[in-house]
2 protein chains.
Amino acid sequence: MANDEKIYQKILKAIVEHQLPPGARLPEDRLSEAFGVSRTGIRKVLQRLALEHFVVIARNKGAQVNHPSEEEALEVLDSRILIEPLLIAGVQANWSSEQSERFKDLVEEERDAEQAGDMAASIQATARFHYELAQLAGNSVLAAFVEQLCYRSSLVIAAYGTRSSVSCDCGDHSQLLDLLDKQQPQQAQAWMKHHLQEIKASLVLTSQEEQHIDFQRLFS
Amino acid sequence: MANDEKIYQKILKAIVEHQLPPGARLPEDRLSEAFGVSRTGIRKVLQRLALEHFVVIARNKGAQVNHPSEEEALEVLDSRILIEPLLIAGVQANWSSEQSERFKDLVEEERDAEQAGDMAASIQATARFHYELAQLAGNSVLAAFVEQLCYRSSLVIAAYGTRSSVSCDCGDHSQLLDLLDKQQPQQAQAWMKHHLQEIKASLVLTSQEEQHIDFQRLFS
DNA sequence: ACACAAATAATTGTATACAATATAAGTGAT
DNA sequence: ATCACTTATATTGTATACAATTATTTGTGT
């Protein structure tokens, strides 16, 4: 893999896994010395992350991890609610016992990570489940979009999520696998929609950080 | 607008309007002297265009306008067929007489461009119709994706399109406006799906350029 | 101690220089 | 004339230097 790509992956990973929280600054020279390359390579990576909405770059002020607005947060989840259930039909068409095994392994990974309390691994595994499922639908253009939406969701959860957002207690991904095994695409589709709506509902959109705090009222 | 952004827009416009055909090389030197900036700024723009699949960059070989594979071509259209009809519900909800007027103007532009034989303007107007409609649905994340898909469609048509692809003779966009005016979202949705399927069907996917020519067979 | 102004430091924007790589041209042998 | 091989040219990859801008600190006066 190209060097740029590795740096990109590492920074993205740090953002998605909530190591770099929304709002964190990303100065070019710190990153360049951390990765042992010149600012040129870092800038390239930051530009890309900005296009994909993981960081925001303000002119002459540099990059920081994006803190999605409430509007953006809802739109990302709504997009997934619209698209991912639609892909289930294609997934069911390509479903096989090998796929079933593959995804059971992924669910296992999720469980292990959650039990070990490894939130980073848990986030990664959960996102992977969704976008690898999307890939199965057979349209790589849509799958790439869903992959981005999954990662953006991780950022949204970093900003507005609760514990139940990351490891949603609305039930397990294995329920979906059961429905696919039983060849019930309608119910699988409904499950996916419900699942994503639960995640959306778990967001707390009245973030204290963003809204202005009126100390006058607070201490009067 | 930032200078980078202007350069980006100009190159993208040239690609989308078929001034720069698929496969055309984009050497950094030529572009930098053409736009009067250093290669640094050009590289930034090319990287972005590559991420958005309008150009492909091969290491140490530089950038050229993407020549979408048949697979990519179909997937782009299929994505639109899946998503754009779904957005009609939201469009109908936000539909008003002002919107109706606005889009009638756009259709007028399309007609003028086509009558004048100005293919570039025709392509732009047609794409604008689709993605401004998508914006009306109220989800800017999805709208941005649809916008990209519209532009990618222009590139697909440059590679595989016929005359009927660009100014599709399957009827006018004004038919859709009528259905929205009459508050018939179901039929509007069906119309949109059919419309996009017609465009997909107009593609000619057996391009002589791509497929390997067997001279042995040809001249034996 | 506070507000305001000036100077300094830190950071990004852009251009350029040099190295690495790929393409093209040239040379000579068969 | 064609092929292999070498040399030259063109193009991209990466680092660095300097300019422009912003942020922070320092100093001064009230």
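Naming: A, B, ... by sequence-line order, numbering from 1 per chain. All heavy atoms count here, side chains included; hydrogens, waters and symmetry mates do not.
Rounded to whole Å, the distance from CG on A/Leu31 to C1' on C/dT11 is 13 Å. Taking atom CG of A/Asp29 as the reference point, atom P of C/dA9 lies 16 Å away to the nearest angstrom. Atom-to-atom, CD of A/Glu33 to C1' of D/dT16 comes out at 16 Å; the value is rounded to the nearest Å. Rounded to whole Å, atom P of C/dG13 lies 15 Å from atom CD of B/Glu5. Note: CG (A/Asn3) to P (C/dA20) measures 16 Å, nearest angstrom. B/Ile57 has its CD1 atom 13 Å from the C1' atom of D/dT11, to the nearest Å. Rounded to whole Å, the distance from CZ on B/Arg39 to P on D/dT12 is 7 Å.
Of the residues in residues 40-48 of chain A, those with a non-hydrogen atom less than 4.0 angstrom from any atom of DNA chain C are A/Arg43.
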Query raised in the report: Do B/Tyr151 and B/His130 pass the ring pair (Phe, Tyr, Trp, His ring centres under 6.0 Å) test, and can you show the C-alpha distance, the side-chain angles, and the key distance before you say yes or no?
Result: CA-CA 10 Å; B/Tyr151 285 133; B/His130 278 272; over 10 Å; no

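The side chain of A/Arg30 places an N or O atom within less than 4.0 Å of a non-bridging phosphate oxygen (OP1 or OP2) of C/dT11.
Taking the six-membered ring for Trp and thresholds of 30 and 60 degrees, A/His173 and A/His195 have ring planes more than 60 degrees apart, a perpendicular arrangement.
Within 6.0 Å of CD on B/Gln19 lie more than 12 heavy atoms contributed by other residues, nucleotides or ligands. Within 6.0 Å of atom CD in B/Gln9, more than 12 heavy atoms from other residues, nucleotides or ligands are found, so the atom counts as buried in its surroundings. Counted within 6.0 Å of NZ on B/Lys61, heavy atoms from surrounding residues, nucleotides or ligands total 12 or fewer; the atom is thus considered open.
In summary, the side chains of B/Ser140 and B/Gln135 do not present any donor paired with an acceptor at a separation below 3.5 Å, with no hydrogens or angles considered. Counted by atom type alone, A/Thr40 and A/Lys44 present zero donor-acceptor pairs between their side chains at under 3.5 Å.
In this structure, A/Arg48 forms a cation-pi arrangement with A/Tyr8, its terminal cationic atom sitting closer than 6.0 Å to the ring centre and no more than 45° off the ring axis.
Here B/Arg111 pairs with B/Glu108 in a salt bridge; the nearest charged N to carboxylate O distance falls below 4.0 Å.
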I'd like a list of close polar pairs between nucleotides 20-22 of chain D and the protein, N/O only, cut-off under 3.5 Å.
| residue | atom | partner | partner atom | Å |
| --- | --- | --- | --- | --- |
| D/dT21 | O3' | A/Asn60 | ND2 | 3.2 |

